[in-house]
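The structure under discussion appears below in the form of structure tokens.
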There are 4 protein chains.
Amino acid sequence: MARGINKVILVGNLGDDPEVKYTQSGMAVTTLRLATTSVRKDRDGNTQERTEWHRVKLFGKLGEIAGEYLKKGRQVYIEGSIRYDKFTGQDGQDRYITEIIADEMQMLGGGGERSERAAGGERGYGSSQRGGGAQPGRAPQQKAPVEEGFPDDDIPF
Amino acid sequence: MARGINKVILVGNLGDDPEVKYTQSGMAVTTLRLATTSVRKDRDGNTQERTEWHRVKLFGKLGEIAGEYLKKGRQVYIEGSIRYDKFTGQDGQDRYITEIIADEMQMLGGGGERSERAAGGERGYGSSQRGGGAQPGRAPQQKAPVEEGFPDDDIPF
Amino acid sequence: MARGINKVILVGNLGDDPEVKYTQSGMAVTTLRLATTSVRKDRDGNTQERTEWHRVKLFGKLGEIAGEYLKKGRQVYIEGSIRYDKFTGQDGQDRYITEIIADEMQMLGGGGERSERAAGGERGYGSSQRGGGAQPGRAPQQKAPVEEGFPDDDIPF
Amino acid sequence: MARGINKVILVGNLGDDPEVKYTQSGMAVTTLRLATTSVRKDRDGNTQERTEWHRVKLFGKLGEIAGEYLKKGRQVYIEGSIRYDKFTGQDGQDRYITEIIADEMQMLGGGGERSERAAGGERGYGSSQRGGGAQPGRAPQQKAPVEEGFPDDDIPF
DNA sequence: TTTT
DNA sequence: TTTT
């Protein structure tokens, strides 16, 4: 359920390698810095460029895949939502941060060799998923297919 | 996993009440006819209108909610993907049909009283979900929260 | 031209009446506060809600229409892009602000009576446009139709 | 103005070189065949693939750029709307066709060498625009910057 | 600060 | 066939 739509679609390039951390429960939390540039001409015909640097967070399996396959410079498609956070800095001042919480990720432009940090893995390239998470103590191969997000094999495909 | 993005976002009004059918396994398959109109001015300054009539399909729980709460005239937000189908008509001729397969639905503009056909129900208004399906023989209330699409309670929310 | 895609789609409700200002050149700059709420269940089955408050900016004619027709509580569709701005506060500290720059707006759910502040106007209800601006000293009715964003009357419509 | 939203976002690969035609007034009309593939696992754990072939139309300058820079196999981002058309075939039977009318295009994944058919040109790579058209008898360099879709140089960029 |  |  939701009251409202909060949707972000980005296509950009990574400014740096992904940063992967893990929660206490073992869930991956990966952060990307993603650049999107727009260009316009001003009144004098001069070209102006402006780049936005997005902070993108990916959780669980999606975060693991991002950490394994993405690296600096790589072009990527991200779909997610905007989250505005407020926290108090060490100086007692309020700080604000805006993040894009990804629920879909897709590497663009071929390539797709693995990053240095990538361990040997069984997963397919370019995979994306919604939710799913690390779920400690529950092996992925025990997952019933229906949990993959397909309501029913009866759905025409 | 996917190779490519196929995403549709519609905001429109229903031309008719939803049509709900069920598969043999008991999954709801609901069809909507949704109008989106665009307007432009031609060279002579005359206003031209053009309406597209989209055929939207919703499966499983999402289809049930659509059948219960939507009705003719209602404004709705749909997110999904395009599917092109080919089949052979009774005259042996090839027929083509284009459908929008919804994976998100949201009623707009308040109102939201239930349709005539709606049985007494426990579900919240305006709910949307991805996949999930009817899953006969498995009561919704037995579902673990993690299956609702949230990877981990550790994710800041 | 652009290098990358930076796209935001919002459906939400206004937390307050629009705030309209004008640049020295007479262009409207309208700010909206837009709420989108998402809901999930935590591990214990309790419902959690989280609301994001978006700061949306609309320029030119689009800003004027927003100022005339929108008001507190109204549901609206916004399409635009994210812009991150940094400025220095009066205390010399860096401040950050995130805004959604709208290039499409559409009022939802009927209603659409004009706000108190709305002057008598000739424009249609629910209009949306991209760019276009106030362009002081240039009457809108002198605009050639082709500038409305339609490349050619030859395009089938 | 519009009553409703009809938006399509595609990321896919061209199944063939673009097909470029011109209207009598000299406007380019380019057609692309674009593949998007989705993958799911069925109940038995077998991987199923399904590919949709989209028919994308680009008009005016956007069509010219597509014709010059795109070719078979190239990955591309398309944003546009769905249009359903009905016409009568030579056998007197009704025929239906669904097209995506592009208003934004962006080449993905670097590369971007020009197609064989590309004439020498002055335009930047990866450009995208909305409307604008060929406008015979009107040199592009005579265009006022404001027509490029930016309402006012006063808008912070 | 909105909305259901 | 919807809607404003």
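Lettering of chains follows the sequences in order, A, B, ..., and the numbering in each one begins at 1.
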When you measure from the side chain of [X], which nucleotide among [options] comes out closest?
| X | options | answer |
| --- | --- | --- |
| C:Asp16 | E:dT1, F:dT2, E:dT2 | E:dT1 |
| A:Arg3 | E:dT1, F:dT2, E:dT4 | E:dT4 |
| B:Thr51 | E:dT1, F:dT2, F:dT1 | F:dT2 |

What's the [atom1]-[atom2] distance between [X] and [N], to the nearest Å?
| X | N | atom1 | atom2 | answer |
| --- | --- | --- | --- | --- |
| D:Asn6 | F:dT2 | CG | C1' | 14 Å |
| C:Tyr69 | F:dT4 | OH | P | 15 Å |
| B:Asn13 | F:dT4 | CG | C1' | 9 Å |
| B:Leu32 | F:dT2 | CG | P | 15 Å |
| B:Met107 | E:dT3 | CE | C1' | 14 Å |

Exercise. Mind running salt bridge (Lys or Arg N to Asp or Glu O under 4.0 Å) on D:Lys7 and C:Glu79 for me, showing each step along the way?
Key: CA-CA 11 Å; D:Lys7 179 158 288 289; C:Glu79 191 182 323; 3.0 Å; yes

Quiz item: How would you list, by chain and number, every residue that makes a ring-ring contact (aromatic ring centres under 6.0 Å, His included) with B:Tyr96, sequence neighbours excluded?
Solution: none

Quiz prompt | Selection residues 28-47 of chain C - residue pairs positive for ring pair (Phe, Tyr, Trp, His ring centres under 6.0 Å), sequence neighbours left out | solution = none

Quiz item: Is the backbone N or O of D:Gly4 less than 3.5 Å from a side-chain atom of C:Gln106, with the two atoms forming a donor-acceptor pair by type?
Solution: yes

